[in-house]
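Below is one structure, written out as C-alpha cells; comments come after it.
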There are 2 protein chains.
Amino acid sequence: MKKILATAAAGDFERSDCPIANTLDLIGDKWTLLVVRDLLFQEKRLYGELMQSQEKVRSNILAERLKRLENAGMLEKIPYQQNPLRHEYRLTPKGADLFAILKEIIRWGNKYVPGTTAPPAGFLDSFEKQATVEKKKTRRKGS
Amino acid sequence: MKKILATAAAGDFERSDCPIANTLDLIGDKWTLLVVRDLLFQEKRLYGELMQSQEKVRSNILAERLKRLENAGMLEKIPYQQNPLRHEYRLTPKGADLFAILKEIIRWGNKYVPGTTAPPAGFLDSFEKQATVEKKKTRRKGS
DNA sequence: CGTTTCACTTTCATATTTAAAGTGATAATC
DNA sequence: GATTATCACTTTAAATATGAAAGTGAAACG
C-alpha cells in the first residue's frame, strides 16, 4: 500500500557510463532545474515559496522533484520547527554545483531565445564559487 | 490525417520569460542532448549512425527529436544524394553552441556520478569555439 | 467550533515514452 | 527477375509520466 518511489535516479541501473546520460537521468526534465534555480538564485527555502514560481509548477510535481533531488543527495530537508513539523530545503554542494550548468543554460537562452530576460549584470558572478556558503546569517522568518 | 507536430518548441506560448525555462522547453528531456552529443562529439551525421548510441534510443524518439531540433533551428537536414533521397544532419551554430552546456554537464557528471567516464584530456578543448566549423574537408562515405 | 493556512497526497484525464513491428524506396543476392 | 536486405523512418499498443484539480491532516486564527 505504500508506493515505492523509485523513479530511476535511485538504484536502477544506468543507461550507459556517459556523464551526460547519467546527469540527464537526474535533471533531464522540464522542472527539476527550475526548482534548483529558485533555491539557488531566488534563495527560496520553503515549499510554499517554491510553489510561487512564475511557471506555476503543480504541487505533485514539485513534491516529487524535491524528493528526487533529496534522494540524489542534491538537496537536504532540514527541520526548523516542531508542531507542526516544518522543514526548509537547502541545496547540498552537489546540488549547488549545478550552478555552472544553469549559468550556461541562461547564457544560451539569452542568446538564442528571443524574449528571455537576462539577469542583471554581475548577478551570476555573486554565486560563482560560493553558492553553497551560508547566506548572511541563517536568516529565517523575516524576509 | 496528418499530425500537427507542434510539441511546444514551435509557436506555443511560453511558460515564462526565464531563459532557463525557455531553454528547457527545447532541450529539457532525457534524449535531446544525447543526440546533440553524438552530432557534436562523435561527429555522427546519418540517422543510422545516431541509432547506434550506447543508450539505445528508440527510432521514433530519435526521429521526433531530430524534427524538433530542426524546427528549432538547431539542426539542418542536408540532402546528399537522390535515389533514394538521403540526408545528413548537421548542427547549426545555434545547436553547436549547446557545447558550453554539454561541457558543464560532463564536468558535473564526472564529479558527482560515480562510474561515468571522462573524456580524454584535451578532448573538449578541441571543440571549444569552433564547434560549427567544417571538420577537415567534408568527408563522406569513407571512415 | 468553524475557517484558514501549510505542505503535501490522491485521483483521474491526458500526454509522452517504450517496445516492437511495419512501410516504402532502393540495392544486393540468388 | 524474384527474394532478401538495408536505410530511414512510421505506426500501434501498452506502460509511464505529467497536468489539473480536489482532498487530507495538523495546527493557528477568530
Side-chain angles (χ1 to χ4, degrees), chain A residues 1-10 12-13 15 21 24-35 38-39 44-53 55-70 75 77-89 140-141, chain B residues 1-10 12-13 15 21 24-35 38-39 44-53 55-70 75 77-89 140-141:
Chain A
M1 243 23 163
K2 259 302 153 58
K3 189 54 101 40
I4 303 183
L5 159 59
T7 331
D12 294 22
F13 70 106
R15 293 194 283 178
L24 289 178
D25 283 343
L26 296 174
I27 62 169
D29 71 88
K30 300 208 188 318
W31 293 107
T32 302
L33 286 181
L34 294 184
V35 174
D38 290 345
L39 290 164
K44 291 179 182 175
R45 303 262 181 277
L46 310 182
Y47 191 89
E49 294 175 337
L50 291 165
M51 279 296 293
Q52 299 303 134
S53 70
E55 294 82 8
K56 305 219 201 322
V57 63
R58 289 289 156 169
S59 187
N60 52 345
I61 302 285
L62 176 59
E64 204 264 343
R65 293 305 193 280
L66 288 171
K67 238 172 263 172
R68 282 165 65 84
L69 286 170
E70 194 189 352
L75 194 63
K77 203 173 176 177
I78 305 167
Y80 65 85
Q81 72 162 49
Q82 290 291 327
N83 274 2
L85 177 56
R86 294 267 187 265
H87 6 55
E88 58 174 21
Y89 294 98
R140 179 106 302 294
K141 202 56 176 287
Chain B
M1 241 29 161
K2 259 301 151 62
K3 187 58 99 43
I4 304 184
L5 158 60
T7 332
D12 294 20
F13 70 107
R15 292 194 283 178
L24 290 177
D25 283 343
L26 296 174
I27 63 170
D29 70 90
K30 300 208 187 320
W31 294 107
T32 302
L33 286 181
L34 294 183
V35 174
D38 289 346
L39 289 164
K44 292 180 183 176
R45 304 262 181 276
L46 310 182
Y47 191 89
E49 294 175 336
L50 291 165
M51 279 297 294
Q52 299 304 132
S53 70
E55 293 84 6
K56 306 219 200 322
V57 63
R58 290 288 157 169
S59 187
N60 51 350
I61 301 285
L62 176 58
E64 203 264 342
R65 292 304 193 281
L66 288 171
K67 238 173 264 173
R68 281 166 65 84
L69 286 170
E70 195 189 351
L75 194 62
K77 204 173 174 177
I78 304 167
Y80 66 84
Q81 72 161 48
Q82 290 291 328
N83 275 1
L85 177 57
R86 294 268 187 268
H87 6 56
E88 57 173 23
Y89 294 97
R140 179 106 304 292
K141 202 60 177 284

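Not measured: the values here are computed from a predicted model. Throughout, protein chains are lettered first and strands after them, A, B, ... in sequence-line order, and every chain is numbered starting at 1.
Rounding to the nearest 0.5 angstrom, the gap separating the CE atom in B/M51 from the NZ atom in B/K56 is 10.0 Å.
Using a 4.0 Å heavy-atom distance criterion, A/K77 is classed as a sugar-phosphate-only contact.
Considering every non-hydrogen atom in both A/V57 and A/L62, the closest pair reads CG2-N, 4.0 Å. Considering every non-hydrogen atom in both B/R68 and B/D25, the closest pair reads NH2-O, 3.3 Å. Taking both residues in full, the closest heavy atoms of A/E49 and A/R45 are given as OE1-N, 2.6 Å, listed atom of the first, atom of the second, then distance. Residues B/V35 and B/L50 share a closest heavy-atom pair of O-CD2, 4.2 Å.
At distances below 3.5 Å, at least one donor-acceptor pair connects side-chain atoms of B/K30 with backbone N or O atoms of A/L24. Side-chain atoms of B/Y47 come within 3.5 Å of backbone N or O of B/S59 as a donor-acceptor pair.
Residue B/K67 has a polar side-chain atom (N or O) positioned under 4.0 Å from OP1 or OP2 of D/dT10. Not one side-chain nitrogen or oxygen of B/R58 sits closer than 4.0 Å to the OP1 or OP2 atom of C/dT18. Distances shorter than 4.0 Å separate none of the side-chain N or O atoms of A/W31 from OP1 or OP2 on D/dA17. Close to C/dT9, at under 4.0 Å from its OP1 or OP2, lies no side-chain N or O of A/Y47.
For A/L46 and C/dC6, the CG to P distance is 10 Å, given to the nearest whole Å. Remark: C1' of C/dT17 and CZ of A/R15 are 12 Å apart, rounded to the nearest angstrom. Atom CD in B/Q52 sits about 13 Å away from atom P in D/dT6, given to the nearest Å. Rounded to an integer number of Å, the gap from CD of B/E49 to C1' of D/dC9 is 16 Å. The interatomic distance linking B/E88 (CD) with D/dA8 (P) rounds to 11 Å, in whole Å. Rounded to a whole Å, the CE atom of A/M51 is 11 Å from the C1' atom of D/dA20. The separation between B/L50 atom CG and D/dC9 atom P is 10 Å, rounded to whole Å. The distance from atom CG of A/L62 to atom P of C/dT9 is 11 Å, rounded to the nearest whole Å.
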Output a table of nitrogen or oxygen pairs between the protein and nucleotides 22-27 of chain D separated by less than 3.5 Å.
{"residue": "D/dA27", "atom": "OP1", "partner": "A/N83", "partner atom": "OD1", "Å": "3.1"}

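Relative to the side chain of A/R65, the nucleotides C/dT17, C/dC8, D/dT18 differ in distance, and D/dT18 lies closest.
Nearest-nucleotide positions on DNA chain D place B/G48 closer to the 5' end than the other of B/G48 and B/N60.
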